[in-house]
Q: 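So that we are looking at the same thing, I have put the structure below in structure tokens.
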Amino acid sequence: DLVDWQKPLLWQVGYLGEKYDEWVHQPVDRPIRLFHSDFLEFLSKTAWYVVFLVWTPVVLYLSWVSYTSLAQGNTRLFSSFTTEYSIPVHKYYFPFIFLLGMILWSLLEYLIHRFVFHMKPPASNYYLITLHFLLHGQHHKSPFDSSRLVFPPVPASLVIGFFYGVLRLLLPEVLGLAVFVGGLCGYVIYDMMHYYLHYGSPKKGTYLYGLKAYHVKHHFEHQKSGFGISTRFWDYPFRTLIPEETFKKED
């Protein structure tokens with residue numbers, strides 16, 4: 001092996017250099033330890049139900065806040081530019097704004113997976129290789145480590161807080177919150193679905209069965225395509241769809 005499996009891997013992978021990309025895409029069926037610190041190692045692992053238990057109450061509460069705030073009738077689009085032609089945002093629009101947030105999340109899911117998680121770090125850059133392995137490389141190296149299939153709540157809260165701040169800057173407060181909570185719901189569905197695609201047993205011919213087959217192909221044969229997880233929709237316009245004939249041959 002190119003690494004010592006008895007020691008934390010995170011500080012070793014950066015030394016693999018040009019061998020890293022090939023090594024990280026050769027999966028193993030064994031748990032991975034990332035950190036020397038037991039505390040940091042604990043924070044880097046998460047049971048799937050923790051994500052659901054932590055973020056579902058947040059989604060429900062913020063949905064209620066968004067809806068009741070819109071019901072006050074004070075939210076208007078373009079009010080910072082003009083008061084005469086600003087557009088009121090009624091409470092009945094909330095489901096559509098929520099759905100917009102989920103759609104935006106699905107696009108963000110694709111872009112992060114493709115351009116961040118699957119970046120190819122320069123062979124000479126120890127730190128970028130280490131960062132890539134921390135973010136996603138370890139998942140491709142050990143795709144059946146059940147404790148690392150969902151995003152831990154502590155680092156997730158930092159990323160989620162960042163996107164909330166961006167939406168607050170771009171949209172009126174209540175509108176930004178409504179879009180945000182839809183996106184947060186999309187994230188929870190994504191993480192739950194990702195876990196299920198690895199450990200679930202969907203019935204053949206169902207939507208989830210197709211997604212599971214698609215995701216397995218991504219892990220073991222087509223690491224440079226098939227970036228959609230909760231949906232394959234964005235793989236079509238970005239031309240990263242896994243060829244359909246690869247599935248037909250197996251059938």
Side-chain angles (χ1 to χ4, degrees), residues 43-44 46-83 85-119 134-136 139 149-197 211 227-235 237-238:
L43 292 180
S44 72
T46 311
W48 69 269
Y49 55 82
V50 172
V51 172
F52 183 82
L53 292 176
V54 168
W55 295 113
T56 300
V58 177
V59 169
L60 294 175
Y61 173 72
L62 293 182
S63 295
W64 177 80
V65 171
S66 300
Y67 180 80
T68 54
S69 299
L70 288 174
Q72 296 177 10
N74 300 323
T75 305
R76 304 182 73 89
L77 274 176
F78 311 119
S79 58
S80 58
F81 301 103
T82 173
T83 55
Y85 298 105
S86 60
I87 303 173
V89 182
H90 299 289
K91 62 182 180 180
Y92 306 109
Y93 295 166
F94 174 73
F96 303 102
I97 300 171
F98 187 94
L99 181 61
L100 173 63
M102 293 187 67
I103 294 172
L104 289 176
W105 160 256
S106 71
L107 174 60
L108 191 62
E109 167 199 319
Y110 174 89
L111 294 176
I112 291 175
H113 191 194
R114 179 179 178 181
F115 295 108
V116 179
F117 288 172
H118 279 272
M119 67 173 178
L134 176 64
L135 291 176
H136 196 60
H139 173 55
L149 287 177
V150 295
F151 205 19
V154 173
S157 63
L158 300 177
V159 178
I160 289 169
F162 169 78
F163 285 115
Y164 173 69
V166 170
L167 287 172
R168 279 291 305 273
L169 290 174
L170 297 177
L171 297 170
E173 181 176 355
V174 178
L175 189 59
L177 182 62
V179 173
F180 169 78
V181 72
L184 184 59
C185 181
Y187 157 70
V188 174
I189 293 173
Y190 149 79
D191 242 357
M192 297 299 94
M193 188 173 290
H194 184 219
Y195 185 89
Y196 185 77
L197 295 185
L211 277 184
F227 299 108
I229 296 175
S230 58
T231 175
R232 287 179 280 187
F233 175 81
W234 297 107
D235 280 312
F238 287 105

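All residue numbers refer to positions in the sequence shown, counting from 1. Everything numeric in this text was worked out from a predicted model, so none of it was measured.
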Q: Strictly by modelled atom types, are Tyr187 and Asp191 linked by a side-chain donor-acceptor pair under 3.5 Å?
A: yes

Q: As a test of understanding, state which of Trp64, Phe94, Tyr164 forms a side chain to side chain contact (heavy atoms under 4.5 Å, CB included) with Val181.
A: Phe94

Q: What closest approach, in Å, do Ala47 and Val150 show between heavy atoms, and which atom pair accounts for it?
A: O-CG2, 4.0 Å

Q: For Phe52, I'd like to know if atom CZ has over 12 heavy atoms of other residues, nucleotides or ligands within 6.0 Å.
A: no

Q: So which heavy atom on Met102 is nearest to which on Gly182, and how close?
A: CG-O, 3.0 Å

Q: Rounded to the nearest 0.5 Å, what's the gap from CZ on Phe180 to CD1 on Ile160? Could you check?
A: 6.0 Å

Q: With a 6.0 Å cut-off (strictly less than), is the heavy-atom count around CZ of Phe115, excluding the residue itself, greater than 12?
A: yes

Q: How about Met192 and Tyr196: do any of their side-chain heavy atoms sit closer than 4.5 Å?
A: no

Q: Is there a side-chain contact between Trp105 and Leu108 in this structure, where contact means two heavy atoms from C-beta onward sitting under 4.5 Å apart?
A: yes

Q: Is the gap between the ring centers of His194 and His139 under 6.0 Å?
A: yes

Q: Out of curiosity, Ile189 CD1 to Thr231 OG1, how far, rounded to the nearest 0.5 Å?
A: 12.0 Å

Q: Which distance, rounded to the nearest 0.5 Å, do you find between the CH2 of Trp48 and the OH of Tyr195?
A: 8.0 Å

Q: Is there a donor-acceptor contact under 3.5 Å from the side chain of Glu109 to the main chain of Tyr190?
A: no

Q: Could you walk me through whether Ser106 and Phe233 pass side-chain contact (heavy atoms from CB on, under 4.5 Å), step by step?
A: CA-CA 9 Å; Ser106 71; Phe233 175 81; 5.9 Å; no

Q: Does any part of the side chain of Leu177, heavy atoms only, come nearer than 4.5 Å to the side chain of Ser66, both counted from C-beta?
A: yes

Q: Just wondering, do Val166 and Phe162 contact through their side chains at under 4.5 Å, heavy atoms?
A: yes

Q: With Phe151, which of Thr46, Val159, Val51 fulfils side chain to side chain contact (heavy atoms under 4.5 Å, CB included)?
A: Val159

Q: If you measure from CD1 on Ile229 to CG on Asp235, what distance do you get to the nearest 0.5 Å?
A: 10.0 Å

Q: Show your reasoning for whether side-chain contact (heavy atoms from CB on, under 4.5 Å) applies to Leu100 and Phe96.
A: CA-CA 6 Å; Leu100 173 63; Phe96 303 102; over 6 Å; no

Q: Do side-chain atoms of Thr68 reach the backbone of Val65 as a donor and acceptor pair under 3.5 angstrom?
A: yes

Q: Which distance, rounded to the nearest 0.5 Å, do you find between the NE2 of His113 and the NE2 of His136?
A: 3.5 Å

Q: Find the distance between CG (Leu107) and CZ (Phe238) and round it off to the nearest 0.5 Å.
A: 5.5 Å

